[in-house]
Amino acid sequence: MHRSLALCTLTLALTGPSLVSQAPMEDVLWVASRGSKTMTKYSRFGEVLQTVNLTNTPRRVHRAPDGKLWVIEYISTTFSIHDRNGKLIKSVTAKNSGRPYGLAFDKRGYAYMTHTTSNTVDEYKPDGTYVRSATVPANPLGIAIDYSAGANMGNIWIAHRNSPGQVTKLPISTYKPQTFNLPSTATMMPTAVVCTYEGVAKDSNVFIGGDSSEKLWKIDQNGNFTGPITTVAGYSYCSGMAIDRLNRLWTVGRPGAVAIIDTATNKVIKTFAGAPANNDCGGVVMDSIGRAWIMDRGFSTPGTFQRYDDQGTMELGTPAGTNTYGMVDAAGFAYAFVVNPFGDEDKDGTVNFVEITAGTSPYDPLSNPTLSFDTRGVSRVGTTPYLDAVSQAKGSMVVFFSVATGGPLTLPGFQGQFLLDLKTIFYTVAMTSPGKLNLPIPANNALAGISYQMQGLFIGGVIQWTNTSGIYISK
């Protein structure tokens, strides 16, 4: 492969005076594995970036708005808080001998945690300092925070694994719970809850999933239920639910069943079999731009973490730990889309909702509606994914391919930051933005597991770096 004149020019620029600056907020996904006692960081194109060994057995890991990682431990009265690289900051013992289970964050970054033995929902400051508790009915498990036009701080929703099933609404402002019983015809024992984003000055709808039923239920702010919503025949345990960028509900369960549901009509759009290797979906989450990732859960052997497009086509599968399940908001998408749609997580001047609607990342300051750069499509051996370059102005773009990331480096006269490792750049190519560039992968299984990174330099009135993207090749 050749090195172009653009690469030579870049080399001269980078060997001259430059400014090393603070790395941007990480646009990644984190998941925890109970069987292997690890938590793993992934890029949104599938590369395993880091694996952290844990002392205690994790139930799940949650990414806080400030980038810290909160790890809920399995059948334990403790949880731990780690920095963005997985280093332990502190271990916290729950009040009243409670066992932490579910966790959600409000727009201030305060954490709300369900505790199964004390039957409470506890509030913590971003540093893990305890604030207050609310007593709720038995077996509080899943938890989510809505967008509420009438409640500026939002409401907490809790699923209770009881029969008959129960759902609690807990306004953050008053912290006074109100519990609703599922209709008498419902056989579900609720374990999971998600909230939708319906638009400015409109309240979220809330969807409930659980055990012992293939049906879901929808509840409004006043406690009125709609349903049942039938998912997939044979679907008996809800392993997870998530809302995508189109405000559709993805729900996964045993045995390897997936359903995509229109949240406005409550109609099933598509069903398919997920988790092909182990026939057990361990959960579903969205990456920062709202693409679904489903865990193919292996109880005694490592599983795979699989990315799907909007139509439910599997695009790639990347290695995962053993017994990985119960993932919740691994990339912070639900927080940015539902809880804090008018915040600006990456401080690039564009609010979260606008970024998500445009298909750009609210966690990457170099990815925004003005200029963005992403790989899309199936990236398995023998397929042709493509690079999608989007810009408001038309211009030329030089794409740099590298084995590793580097920097960040800021260059005089260049907007943005160079984020690749200059020494491992192996190819450059020119294209026009907006535009697409095919990236064919040979049909050779020996290529599986290889990854590489890309970054664009846009030249159209200004000289500006794009965000980075990449390819992870899977079988």
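- A side-chain donor from one of D27 and S288 sits under 3.5 Å from a side-chain acceptor of the other.
- A donor atom on one side chain and an acceptor atom on the other are not found under 3.5 Å apart for Q311 and T313.
- Each of N181, N139, T168 was scored for a side-chain hydrogen bond (donor to acceptor under 3.5 Å, both in side chains) with H160, with one residue passing: T168.
- Separating the CD1 atom in I269 from the CD1 atom in I261 is a distance of 8.5 Å, to the nearest 0.5 Å.
- Taking CD1 of I289 as the start and OG of S372 as the end, the distance is 8.5 Å to the nearest 0.5 Å.
- Note on ring orientation: taking the six-membered ring where Trp is involved, the planes of F272 and W250 are perpendicular (angle over 60°, cut-offs 30° and 60°).
- Across all non-hydrogen atoms, the minimal contact from M454 to L420 is C-CD1, 4.2 Å.
- For the pair G154 and S148, the tightest heavy-atom approach, listed with the atom from each and the gap, is CA-CB, 4.4 Å.
- Using modelled atom types and a 3.5 Å distance limit, the side chains of T375 and S469 yield a donor-acceptor pair.
- Less than 6.0 angstrom separates the ring centroid of F79 from the ring centroid of Y124.
- Among all heavy-atom pairs drawn from G210 and T191, the shortest one is CA-OG1, 3.4 Å.
- The aromatic rings of F353 and F342 are tilted relative to each other, their planes meeting at an angle between 30° and 60°.
- Side-chain contact annotation: T350 with N368, donor-acceptor N/O pair under 3.5 Å absent.
- Under the 6.0 Å cut-off for aromatic ring centres, F105 and W70 qualify, their centroids lying closer than that.
- The shortest heavy-atom contact between T324 and A32 is CG2-O, 3.2 Å.
- Scanning for ring-ring contact (aromatic ring centres under 6.0 Å, His included) contacts around F337 gives Y197, F333, with sequence neighbours left out.
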Fill in: CA sep, side-chain torsions, deciding dist, call: H115, T117, side-chain hydrogen bond (donor to acceptor under 3.5 Å, both in side chains)
CA-CA 6 Å; H115 295 274; T117 50; over 6 Å; no
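- Remark: aromatic rings of Y101 and Y74 are distant, center separation not under 6.0 Å.
- With 3.5 Å as the limit, one finds a donor-acceptor pair spanning the side chains of N266 and K218.
- In this structure, T405 and D421 have side chains that are not in contact, with every pair of non-hydrogen atoms separated by 4.5 Å or more.
- For the atom pair OG (S33) and CG (L54), the distance works out to 9.0 Å, reported to the nearest 0.5 Å.
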Discussion item. Determine whether S36 and T322 satisfy the following criterion, side-chain hydrogen bond (donor to acceptor under 3.5 Å, both in side chains), listing intermediate values before the conclusion.
Written reply: CA-CA 5 Å; S36 49; T322 303; 4.8 Å; no
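- Here the CD1-CD1 distance, from I145 to I172, works out to 4.5 Å after rounding to the nearest 0.5 Å.
- Shortest non-hydrogen contact noted between L69 and V61 is CB-CG2, 4.0 Å.
- A side-chain donor-acceptor contact under 3.5 Å links S402 to the backbone of A404.
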Practice prompt. Go through the steps for Q221 and N155 under the test side-chain hydrogen bond (donor to acceptor under 3.5 Å, both in side chains), then give the verdict.
Written response: CA-CA 9 Å; Q221 294 286 330; N155 304 294; 3.3 Å; yes
Worksheet item: What's the verdict on side-chain hydrogen bond (donor to acceptor under 3.5 Å, both in side chains) for D329 and Y335, showing C-alpha distance, side-chain angles and the deciding distance?
Response: CA-CA 8 Å; D329 207 17; Y335 174 83; over 6 Å; no
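- The distance from atom CG of L316 to atom CG of D309, rounded to the nearest 0.5 Å, is 11.0 Å.
- A donor and an acceptor atom, one from each side chain of R34 and Y325, are located under 3.5 Å apart.
- With Y472 as the aromatic partner, R307 does not meet the cation-pi criteria of under 6.0 angstrom to the ring centre and within 45 degrees of the ring axis.
- Side-chain atoms of Q453 and T468 include no donor-acceptor pair closer than 3.5 Å.
- Atom-to-atom distance recorded for M113:CE and R99:CZ is 15.0 Å, nearest 0.5 angstrom.
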